[in-house]
**Q** 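Have a look at this one.
One-based numbering along the sequence shown. Counting starts at 1 for both ligands and their atoms, following the listed order.
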Amino acid sequence: MTTATPSTGQRPRVVIVGSGFGGLFAAQRLKKAPVDVTLIGKTTHHLFQPLLYQVATGILSEGEIAPPTREILKNQDNARVVLGEVTDIDLAAKTVTSTVLGRTTVHAYDELIVAAGAGQSYFGNDQFAEFAPGMKSIDDALELRGRIFGAFELAELATDPAEIDRLLTFVVVGAGPTGVEMAGQIAELARRTLRHDFRRIDPTSARVILLDAAPKVLPPFVDKLSQKAHKQLNEIGVEVQLGAMVTNVDADGIVVKDGDGHERRINAATKIWAAGVQASPLGKLLGEQSGAEVDRAGRISVQPDLSLPGHPEVHVVGDMMSLNRLPGVAQVAIQGGRFAAEAVAARVAGRPTKPEFHYFDKGSMATISRFHAVADTWKFQFGGFIAWVLWLVVHLMYQVGFKNRFSTVVHWAVSFLGRGRSQRVGTQQQVYGRLALEHLGPDFEVSKTGGKRHTGEPVDVTGRESA
Ligand SMILES: Cc1cc2nc3c(=O)[nH]c(=O)nc-3n(C[C@H](O)[C@H](O)[C@H](O)COP(=O)(O)OP(=O)(O)OC[C@H]3O[C@@H](n4cnc5c(N)ncnc54)[C@H](O)[C@@H]3O)c2cc1C
């Protein structure tokens with residue numbers, strides 16, 4: 001059955017695609033505007049991606065970094081949250097089509113903000129995904145958690161030393177902030193948390209390898225901070241291998257080609273892909289209809305005011321847009337989402353809109369291990385404990401909701417002051433569920449929110465056709 005965005009009268013309808021940083025902050029900025037907001041998300045939560053690696057390594061629970069979008073917006077009367085994967089946007093008809101569990105919905109809009117973010121990119125080698133999951137969603141983090149803790153369990157059972165080595169070797173591909181944070185946490189997990197938990201294996205002997213084709217870790221940071229991070233990684237036992245390009249990944253290991261052209265194999269049961277992003281396919285779809293350029297990473301070029309050429313009523317924000325080489329970071333999405341919402345509010349009120357989006361760069365940070373981070377902010381570049389405290393404060397500030405902040409602080413204390421990790425559950429379904437879903441075939445693929453593809457023609461009952 002098909003339903004549609006209900007119109008509650010004459011108020012302009014604002015449809016927002018995505019409940020990430022761009023979409024959520026745009027919706028919140030419209031709280032006082034005389035509009036009806038429909039926020040469509042393919043998950044029911046707002047995901048705080050920067051802390052995903054802490055879910056994958058057992059520090060935080062998934063609920064702490066993914067509060068329900070519906071709860072966040074429960075006191076915003078002009079906003080409605082709709083679950084669904086947007087599969088089509090028709091710029092001429094001004095409609096957005098979403099689908100969930102075979103139910104297709106057509107939403108009419110007067111103003112549209114698209115903030116569908118980016119997924120993992122395997123640079124044309126999507127077959128790597130089966131053996132080296134990325135880290136973009138709660139599903140990814142839970143699967144990785146199951147694989148990481150599961151590798152120690154299997155090593156405890158194994159008798160062949162080569163097999164034990166393979167199980168206790170963890171390879172993280174991509175030495176950007178996500179890869180550095182992930183490698184650092186696996187090393188601390190092995191050396192601090194698990195050191196007394198096993199009888200036959202020595203978890204502290206686990207090899208954690210961080211590799212990248214780039215010549216330095218944390219490429220976006222200045223050399224001084226990259227070197228600091230590299231040194232700190234070595235101190236906590238992470239092997240950093242640079243100039244190493246991945247050429248193959250399979251169940252038992254990974255093949256890399258070094259700068260001199262020599263190929264070598266690393267036997268490793270757990271491989272984690274933290275390299276490369278590919279913007280939402282909605283960017284391509286919007287590019288085809290508006291003539292806006294779409295780059296190789298799938299990001300769509302937007303006008304200086306984040307709108308699409310010829311479509312002042314459509315804004316694209318966050319990771320899926322390209323403007324002045326802005327980085328794919330949370331602040332670009334947050335500030336872009338708010339800017340787009342203010343433009344919508346101004347247009348609705350008949351006020352002039354700002355011609356240009358100006359990004360205020362608050363700096364970058366990456367944490368390496370407990371008590372160590374690097375920060376490049378307000379012209380100051382520093383590393384160590386102060387940077388780490390700053391990292392904690394900033395990440396707490398942008399988490400949504402007091403409950404989540406409180407329990408995050410408790411879990412951080414357990415893991416960073418103590419040695420514990422409170423979230424060590426890993427289920428078989430978490431580890432194998434993704435592969436099982438893929439085996440359900442392409443019909444299921446198009447609607448990862450669940451269910452087979454809707455086979456009937458969607459019935460448009462938005463009132464548009466009869467208008
Ligand atoms: C592991 C990791 C660590 C990171 N660490 C940092 C960090 O430390 N600091 C930092 O600044 N940035 C960090 N980032 C980047 C930051 O999270 C992103 O730049 C930011 O989330 C972009 O916001 P967005 O709104 O564009 O996209 P997202 O936050 O990704 O939100 C996209 C939303 O759209 C939804 N969606 C996607 N497709 C559809 C569809 N077809 N239909 C409906 N809904 C859809 C998604 O479910 C999601 O809710 C990190 C990213 C990752 C993956």
**Q** Look at ligand 1 and say whether Pro177 reaches it with a heavy atom at a distance under 4.0 Å.
**A** no
**Q** Determine, stepwise, if the pair Arg207 / Glu239 fulfils salt bridge (charged side-chain N to carboxylate O under 4.0 Å, His left out).
**A** CA-CA 8 Å; Arg207 256 184 107 188; Glu239 280 177 48; 2.7 Å; yes
**Q** Are Phe128 and Phe123 close enough that their ring centers fall under 6.0 Å?
**A** no
**Q** Can you report which non-hydrogen protein atom sits closest to atom 34 (O) of ligand 1, along with the distance?
**A** Gly18 CA, 3.2 Å
**Q** Looking just at side-chain N and O atoms, do Thr408 and Gln399 make a donor-acceptor pair shorter than 3.5 Å?
**A** yes
**Q** Please could you name the atoms of ligand 1 that Ala333 approaches to less than 4.0 Å, counting only its heavy atoms?
**A** 22 (C), 23 (O), 24 (P), 25 (O), 26 (O)
**Q** Using a 4.0 Å cut-off to any heavy atom of Met135, which atoms of ligand 1 qualify?
**A** 1 (C), 53 (C)
**Q** Regarding Asp110 and Lys94, does a basic nitrogen lie under 4.0 Å from an acidic carboxylate oxygen?
**A** no
**Q** Between Glu71 and Lys403, does a salt bridge (charged side-chain N to carboxylate O under 4.0 Å, His left out) hold up when you go through it step by step?
**A** CA-CA 12 Å; Glu71 187 183 316; Lys403 266 185 308 184; 3.2 Å; yes
**Q** With atoms numbered from 1 as shown, which atoms in ligand 1 lie under 4.0 angstrom from a non-hydrogen atom of Gly318?
**A** 26 (O)
**Q** Numbering the atoms of ligand 1 from 1, which are under 4.0 Å from a heavy atom of Glu85?
**A** 41 (N), 42 (N)
**Q** Students should be able to answer this: which protein heavy-atom is nearest to atom 19 (O) of ligand 1, and at what distance?
**A** Asp319 OD1, 2.7 Å
**Q** Using 30° and 60° as the class limits, which term best fits the ring planes of Tyr398 and Phe25: parallel, tilted or perpendicular?
**A** tilted
**Q** Where on Val86 is there a heavy atom closer than 4.0 Å to ligand 1, on the side chain, on the backbone, on both, or on neither?
**A** both
**Q** What are the atoms of ligand 1, with element, lying closer than 4.0 Å to any heavy atom of Lys136?
**A** 53 (C)
**Q** Run the salt-bridge test on Asp140 and Lys136 with the 4.0 Å N-O cut-off and return the result as yes or no.
**A** no
**Q** Looking only at side chains, do Asp139 and Ser137 share a donor and an acceptor under 3.5 Å apart?
**A** no
**Q** Write out the residue and atom name of the closest protein heavy atom to atom 25 (O) of ligand 1, then the distance separating them to 0.1 Å.
**A** Gly22 N, 2.8 Å
**Q** What's the shortest distance from atom 15 (C) of ligand 1 to any protein heavy atom, and which residue and atom give it?
**A** Gly328 O, 3.6 Å
**Q** Could you tell me, atom by atom, which parts of ligand 1 come under 4.0 Å of a heavy atom of His395?
**A** 8 (O)
**Q** Under a 4.0 Å N-O cut-off, is there an ion pair linking Glu342 with Arg338?
**A** no
**Q** I need the atoms of ligand 1 closer than 4.0 Å to a non-hydrogen atom of Gly117, numbered in the order shown.
**A** 26 (O), 27 (O), 30 (O), 32 (C)
**Q** Apply salt bridge (charged side-chain N to carboxylate O under 4.0 Å, His left out) to Arg13 and Asp36, showing your working.
**A** CA-CA 5 Å; Arg13 293 156 300 184; Asp36 289 327; over 6 Å; no
**Q** What part of Met365, side chain, backbone, both or neither, has a heavy atom within less than 4.0 angstrom of ligand 1?
**A** neither
**Q** Counting from 1, what ligand 1 atoms have a heavy atom of Gly84 closer than 4.0 Å?
**A** 42 (N), 43 (C)
**Q** Which residue holds the protein heavy atom closest to atom 4 (C) of ligand 1, what is that atom called, and what is the gap in Å?
**A** Pro50 CA, 3.6 Å
**Q** Return yes or no for this condition: an N or O of Glu181 is under 3.5 Å from an N or O of ligand 1.
**A** no
**Q** Classify the ring geometry between Trp412 and Trp391 as parallel (under 30°), tilted (30 to 60°) or perpendicular (over 60°).
**A** tilted
